[in-house]
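Below you'll find the structure, written out as structure tokens, and then a few comments.
Below, read A as the first sequence line, B as the second, and so on, with proteins coming before strands; counting in each chain starts at 1. If you're wondering where the values come from, they're calculated on a predicted model, not measured in any experiment.
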There are 2 protein chains.
Amino acid sequence: MVRSTNSRRPATLASLAAELGVSRTTVSNAYNRPDQLSPELRKRVLDTARRLGYPGPDPVARSLRTRKAGAVGLLLTENLSYAFRDPAAVGFLEGLALACEDADHGLLLIPANPEHEDVASVHSAGVDGFVVYSVPDDDPHLAAVMERPVPTVICDQPSLPEIDRVGIDDGAAIKELARHLIELGHRKIGVVCMRLARTRNDGPASPERQASASFHVQRARLTALSEAFAEVGVDWEQVPVIERFDHTTESGGSAAARLMELDPEITAIICTSDILALGALTEVRRQGRRVPQDITITGFDGIDDAERVELTTVRQPVLEKGRAAGRLLLDASESTGKPREVLLDTQLITGSTAGSPRSVEERWFGP
Amino acid sequence: MVRSTNSRRPATLASLAAELGVSRTTVSNAYNRPDQLSPELRKRVLDTARRLGYPGPDPVARSLRTRKAGAVGLLLTENLSYAFRDPAAVGFLEGLALACEDADHGLLLIPANPEHEDVASVHSAGVDGFVVYSVPDDDPHLAAVMERPVPTVICDQPSLPEIDRVGIDDGAAIKELARHLIELGHRKIGVVCMRLARTRNDGPASPERQASASFHVQRARLTALSEAFAEVGVDWEQVPVIERFDHTTESGGSAAARLMELDPEITAIICTSDILALGALTEVRRQGRRVPQDITITGFDGIDDAERVELTTVRQPVLEKGRAAGRLLLDASESTGKPREVLLDTQLITGSTAGSPRSVEERWFGP
DNA sequence: TGCGGGAACCGTAACGGTTCAGTAAGTGTG
DNA sequence: CACACTTACTGAACCGTTACGGTTCCCGCA
């Protein structure tokens, strides 16, 4: 492709102005304020631009001057590619993309490896604002975002006093699920949860670790579960909670196995995500147990695959969360100075993976 | 959050330098070239920066000077949110994200509504290069990208002489599928394809329209199909081809219905994507026909859902495509000046949705 | 003929950095 | 002690654009 006629250095607005014998302002106006110059001159400018291979005002220089980048930065705690592997994250992204599109903004995915403390990518992101999706309280990338003098919206976690936030009532949502299980008669349960801190821990999570978890959402869900079961006299200290660092079905499977090994008498496995629950489901069946006759399994999120297997779970509006986050960020008009919070509704989905526990006798001798 | 101690305007590198009584260069070096100043001074600079609430060098200003943005732009022909709804696109994105991550670059999704001719978003994208994913030959956004003086890689379509490209051998891939069907004995077939041009056309696509399609990939696949079937004496003019603008299962279903209405004697429906094929499958079964006993259905792409229903299809390495595109763009080292082309392998997946057609007698009277 | 007013265009000063060619002081060497 | 070399820092140019506050010119109108 021929990109410029004769100059070695690419044409700039200034060189174009020189060629035309007009001021830079006029050339700039030709692109940005057509009403500020005569149609003839404008045509002449544009024609000459084409002839010189001038691609129009440089976006970076323009951004510098106008103080806007026309893009929203997205920070998430996982590897970038993870965002496309987790259905809930994909849903969130879709919603966020919709909001960006409406406001004619780009969406910049910021590479932020959770293993690395390297925060340079946050510092070098040319964006008008950040959306932070579900990161731990002490995430260094989050700290870097907070230093940037641009608006920020956090989705899910953490919950910071001065920052706009979009989320759900995690406690209330999982409590509804817990009460459902309690009504069905479950008293001996096990829990599989996602990572509670930035440090890897694949195994039991002590009550202390649960309480001090740096992932706000997981903490809230575990606390709510403990409260719900405390109401019917279950001692939370005795409830095994298995933590998994990687959010995969394999993790869910191995955690479920561990749980059943730890306490063979549990009648239900509550997972804090559908992905984990799907893994648990597979593992439990692999071991020859029937669901829900032998054991109950529940998830959280309401992803498509969960619906397919009729998982009992809590549906949260992932797409809406993304859209709300984007709108919050881009609707500066609504910004009153006070931090805003959007809490979206969730819905208990009673599938076919939860049922009444059979008595021990039944379990041994059949119904 | 308190962002600066006392100044109304946010701190800049210059104001920080003034406060410290050192040159701007020194402050810049404190961030970018720690070896260029004494550790004590550097610490003093960084401490003062924190005190003044200086967030570090402005990314946009830096980009302007260094001529690099640290981001890759992605242009796709559909609404941004579509990218997250189509499994093949999601796979591509995942691969591209991986490559970007490796090179420590961000990934900027550019809003480019196919309905609008507005290319401002392309002009205002501050990126070091573009990846263009599957757009029509005459896409105005593509034209805008080509004007920008940055490297570009196109995935799938169009195929331009001077531009790096990643893709598959669409013709060869679908020919293998076609020969499989031919071996099974299919001679009367129907085709469902994706949009052939930017103008909406939901219905039969004439051979002329097929040949002049502005979507290179669809054109290649149709051409290859016609060649393969010509080899066994099938007159392509008689083969009904139904085009659908929207790439959804609903489109696939209605197109399949149309096809069977147009020619009830067809024994196979070849779809140019899995999404369309899944829709066709549902529709055909809804009409009470059995697959593959009564009719054969095939797809293209090899998405997870296709595997789940054992669709006969062609698997293409979508993730690898994304990764290859990213690498091609970011590995300037390899750039020899000549345009590069990466063709990835595909694989015929023989599922359970393709079988031998039964004779007309069999169809009416049973085997 | 004088004058108000809009249309069309211009000059300068940012915007916030990075880079490169210095300069001055300190260090080691024969 | 002269000389080269290193360390630590500086000044000015430059990146490409837009914002702001003009100036010039021409037309209509009294």
Side-chain angles (χ1 to χ4, degrees), chain A residues 4 7 9-45 48-49 52-70 120 123-128 147-150, chain B residues 4 7 9-45 49 52-70 120 123-128 148-150:
Chain A
S4 66
S7 56
R9 296 196 45 68
T12 71
L13 184 143
S15 68
L16 181 52
E19 171 86 15
L20 282 157
V22 301
S23 78
R24 299 201 307 248
T25 303
T26 300
V27 177
S28 176
N29 284 336
Y31 286 96
N32 304 317
R33 297 217 245 282
D35 57 312
Q36 294 291 304
L37 71 173
S38 64
E40 306 82 57
L41 178 54
R42 182 169 132 93
K43 183 175 185 322
R44 203 156 68 83
V45 171
T48 311
L52 261 48
Y54 175 63
D58 180 281
V60 176
R62 181 200 300 237
S63 283
L64 174 59
R65 186 66 244 233
T66 61
R67 318 258 50 193
K68 52 191 68 156
H123 285 140
S124 69
V127 296
D128 297 322
E147 276 168 10
R148 295 279 305 268
V150 293
Chain B
S4 67
S7 56
R9 295 195 47 67
T12 71
L13 185 143
S15 68
L16 181 52
E19 171 85 15
L20 283 158
V22 301
S23 75
R24 304 207 314 267
T25 302
T26 300
V27 177
S28 176
N29 283 337
Y31 285 96
N32 305 317
R33 297 216 249 276
D35 58 312
Q36 294 292 305
L37 71 172
S38 64
E40 307 83 59
L41 179 54
R42 182 169 131 92
K43 181 174 185 324
R44 204 155 68 83
V45 171
L52 261 49
Y54 176 63
D58 180 281
V60 176
R62 172 185 295 190
S63 283
L64 174 59
R65 182 66 238 234
T66 61
R67 316 259 51 187
K68 52 190 68 156
H123 284 140
S124 69
V127 295
D128 298 322
R148 294 280 303 268
V150 294

Between B:Ala61 and B:Pro39, just flag the one whose closest nucleotide in DNA chain D comes earlier from the 5' side.
B:Pro39
May I have the distance from [X] (atom [atom1]) to [N] (atom [atom2]), rounded to whole angstrom?
| X | N | atom1 | atom2 | value |
| --- | --- | --- | --- | --- |
| A:His123 | C:dG16 | NE2 | P | 17 Å |
| B:Arg67 | D:dT17 | CZ | P | 8 Å |
| B:Leu64 | D:dC15 | CG | P | 9 Å |
| B:Asp35 | D:dC9 | CG | P | 12 Å |
| A:Leu41 | C:dC9 | CG | C1' | 8 Å |
| B:Leu37 | C:dT19 | CG | P | 15 Å |
| B:Leu13 | D:dT10 | CG | C1' | 14 Å |
| A:Lys68 | C:dC15 | NZ | C1' | 14 Å |

Reckon [X] has a side-chain N or O less than 4.0 Å from the OP1 or OP2 of [N]?
| X | N | result |
| --- | --- | --- |
| A:Thr26 | C:dC10 | yes |
| A:Ser28 | D:dA19 | no |
| B:Tyr31 | C:dG16 | no |
| B:Thr12 | C:dC15 | no |
| A:Arg33 | D:dA19 | yes |
| A:Asn29 | D:dT18 | no |

So, for [X] and [Y], which heavy atoms are closest and what is the spacing to 0.1 Å?
| X | Y | result |
| --- | --- | --- |
| B:Leu64 | A:Ala61 | CD1-CB, 3.7 Å |
| B:His123 | B:Arg148 | O-NH1, 3.5 Å |
| B:Tyr31 | B:Ala49 | OH-CB, 3.2 Å |

Polar pair under 3.5 Å, donor/acceptor by atom type, side chain [X], base [N]:
| X | N | answer |
| --- | --- | --- |
| A:Arg65 | D:dT18 | yes |
| A:Arg62 | D:dG16 | no |
| B:Thr66 | C:dG17 | no |
| B:Thr25 | C:dT19 | yes |
| B:Arg24 | C:dT18 | yes |

Going by heavy atoms in the side chains, are [X] and [Y] under 4.5 Å from each other?
| X | Y | result |
| --- | --- | --- |
| A:Arg67 | B:Asp58 | yes |
| B:Ser28 | B:Thr25 | no |
| A:Val27 | A:Arg24 | no |

Could you tell me whether B:Arg42 contacts a base, only the sugar-phosphate backbone, or nothing, with contacts defined as non-hydrogen atoms closer than 4.0 Å?
nothing
What's A:Val60 touching, base or sugar-phosphate or nothing? Going by heavy atoms closer than 4.0 Å.
nothing
If you check the B:Ser23 side chain, which of C:dG11, D:dT10, D:dT18 turns out closest?
D:dT10
